Number of protein chains: 2
Amino acid sequence: MRVAFFQFAPRFGRIGDNLETVLARLEKVEADLIVLPELFSTGYQFVSKRETAELSEEIPSGRTARRLSEWARDRGIWLVAGMAERKGKALYNSALHVGPKGYAGTYRKVHLFDEEKKWFRPGNLGFPVFPVGKVRLGIMICFDWFFPEAARSLALGGAEVIAHPANLVLPYCPDAMVTRCLENRVFAVTANRIGSEKRGGRKRLTYIGQSEIVDPKGRILTRAPGNKEILKIVEIDPMEARKKKLNRFNDLLRDRRVKLYKTGRK
Amino acid sequence: MRVAFFQFAPRFGRIGDNLETVLARLEKVEADLIVLPELFSTGYQFVSKRETAELSEEIPSGRTARRLSEWARDRGIWLVAGMAERKGKALYNSALHVGPKGYAGTYRKVHLFDEEKKWFRPGNLGFPVFPVGKVRLGIMICFDWFFPEAARSLALGGAEVIAHPANLVLPYCPDAMVTRCLENRVFAVTANRIGSEKRGGRKRLTYIGQSEIVDPKGRILTRAPGNKEILKIVEIDPMEARKKKLNRFNDLLRDRRVKLYKTGRK
């Protein structure tokens with residue numbers, strides 16, 4: 001399975017331009033699964049609820065979802081793309097999932113970061129796992145990395161590959177994803193953006209790039225530079241993520257001592 | 001609060017010698033909390049159940065526990081020391097916790113690694129958090145690091161500092177502890193051993209040293225070399241671990257979306 005990320009700098013508010021940038025770049029890509037950054041079509045630094053609403057689209061009936069669904073269907077490629085979703089009055093920081101049959105699913109970011117809480121509602125779809133051919137795909141978005149429960153929920157749900165659209169500004173995530181992959185024995189494709197934004201008198205946000213693909217043994221198969229538009233494709237064997245045995249005595253999932261864990265659940 | 005680890009190479013089966021090595025080295029140490037490696041008094045590579053039983057001791061009535069309790073009481077110092085515990089017929093890979101009032105508690109390793117499963121029973125005390133003056137101390141042992149639920153359980157139980165005796169042979173843990181501290185906003189003192197063991201025709205185990213102290217922002221305050229006996233003391237402010245707010249909008253513990261997490265609990 002050839003998995004890929006496309007790291008680039010979306011232009012704020014220019015949905016059509018960003019969509020065309022991506023489609024032009026992916027035109028001749030030979031991959032099975034491609035991951036785009038969080039909010040790839042709109043940019044990140046919203047400054048009002050109204051602006052966020054105007055730039056959010058319905059899934060799967062909006063322009064971006066329709067266009068990417070067609071694209072994926074035509075080429076028989078799976079794609080995960082972060083975008084602002086409007087559902088009735090609710091706005092979500094979502095990831096659109098499309099594939100050979102067109103629209104395939106949606107994930108809504110569960111853990112919103114910083115001012116995102118002003119613009120978006122927290123995700124209400126849990127941590128769904130989607131079939132991608134014979135492979136099971138989990139999706140999480142950016143700051144979800146910070147909560148080990150996100151990747152763990154996906155792994156417990158059977159995910160072998162995690163698609164991880166991101167707009168990282170802090171330095172911790174690329175190394176932390178090594179731990180996420182190790183502790184769950186999964187692959188992860190983190191697609192981060194580059195460039196910076198400074199809007200509405202707010203502090204400048206500089207995105208750290210360093211998109212990466214990590215394997216179930218915590219090996220960084222590829223890591224992008226911090227400020228370069230780049231598309232990377234890596235061949236992986238997702239079945240490696242089914243091997244949860246660490247040695248003759250330890251099995252990652254069976255060794256969990258669930259009854260002893262505090263979860264904070266009332 | 002001055003926290004410390006003592007990284008050294010225990011001699012297999014020589015409880016008295018290891019105890020004296022430690023006490024001699026700690027004689028003039030000025031610290032508030034000292035962490036010793038996993039199984040510091042016995043060594044790690046057991047080759048039979050009988051041998052393990054012979055080297056295990058009762059807590060707090062056995063020699064090692066009594067000696068360290070006295071030592072801690074005399075000096076008014078808190079100490080966490082990995083040791084083999086015998087309780088009736090059961091053997092545990094435990095951590096003894098002693099302090100200014102002598103014996104203070106026991107933790108029994110919840111996630112046993114590899115052949116340890118042949119010698120020890122898995123811990124049955126959960127993830128208790130102990131008062132250490134005004135600070136709350138959690139304990140986990142070595143391979144517990146691999147399961148994010150261990151450190152998370154301690155943090156949810158209020159731990160501000162995690163004492164982490166270890167006998168690491170794989171390379172992943174020192175970096176992973178950065179993620180553990182970040183995701184829980186806690187301090188961790190990992191006390192690993194050095195040297196190697198090759199017993200009973202088994203594969204040689206080489207311990208990686210690199211004991212470390214990490215802060216709630218994932219900063220490595222000190223990391224020891226891979227093969228050097230060393231005692232390190234770092235001054236920390238445990239109250240930093242009470243600040244779970246990441247920014248104006250995010251609070252590490254309140255932002256957990258507990259109802260959405262899969263736990264594997266039936």
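What you are looking at is a predicted structure, and each value in this text was computed from that prediction instead of being measured. Proteins get letters first, then strands, A, B, ... in listed order; numbering begins at 1 in each.
A donor-acceptor contact shorter than 3.5 Å is absent between the side chain of Arg256(A) and the backbone of Phe147(B). Without hydrogens or angle criteria, Arg257(A) side chain to Gly126(B) main chain gives no donor-acceptor distance under 3.5 Å.
Taking CZ of Phe113(B) as the reference point, atom CG of Asp255(A) lies at 10.5 Å (rounded to 0.5 Å). The distance from the NE2 atom of His111(A) to the CG atom of Leu252(B) is 9.5 Å, given to the nearest 0.5 Å. Interatomic distance, CG of Leu170(B) versus NZ of Lys217(A), reported as 11.0 Å (0.5 Å rounding). The OH atom of Tyr261(A) lies 10.5 Å from the OG1 atom of Thr263(B); values are rounded to the nearest 0.5 Å.
Only the side chain of Phe143(A) comes within less than 4.5 Å of a heavy atom of chain B; its backbone N, CA, C and O stay farther away. No part of Glu116(A) comes within reach of chain B, as not one of its non-hydrogen atoms sits under 4.5 angstrom from that chain. Of the two parts of Thr179(A), only the side chain, counted from C-beta on, holds a non-hydrogen atom closer than 4.5 Å to a non-hydrogen atom of chain B.
The local environment of NZ in Lys244(B) is crowded, with over 12 non-hydrogen atoms from other residues, nucleotides or ligands closer than 6.0 Å.
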field: Trace of the side-chain contact (heavy atoms from CB on, under 4.5 Å) decision for Lys118(B) with Phe249(A)
entry: CA-CA 9 Å; Lys118(B) 290 168 68 175; Phe249(A) 294 91; 3.5 Å; yes
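Here the closest non-hydrogen pair linking Val258(B) and Gly264(A) is CG1-C, 4.1 Å.
In this structure the side chain of Phe146(A) reaches within 4.5 angstrom of the side chain of Leu246(B), judged on heavy atoms. Considering only heavy atoms from C-beta on, Asp114(A) comes within 4.5 Å of Asn250(B) through its side chain.
When each of Ala150(A), Ala155(A), Pro122(A) is checked for heavy-atom pairs under 4.5 Å with chain B, Pro122(A) comes out on top. Note: Arg152(B) leads Lys259(B), Arg152(B), Arg180(B) in heavy-atom pairs under 4.5 Å with chain A.
Contact check on Lys262(A) versus Glu149(B) returns no salt bridge, with no Lys/Arg side-chain nitrogen under 4.0 Å from an Asp/Glu carboxylate oxygen.
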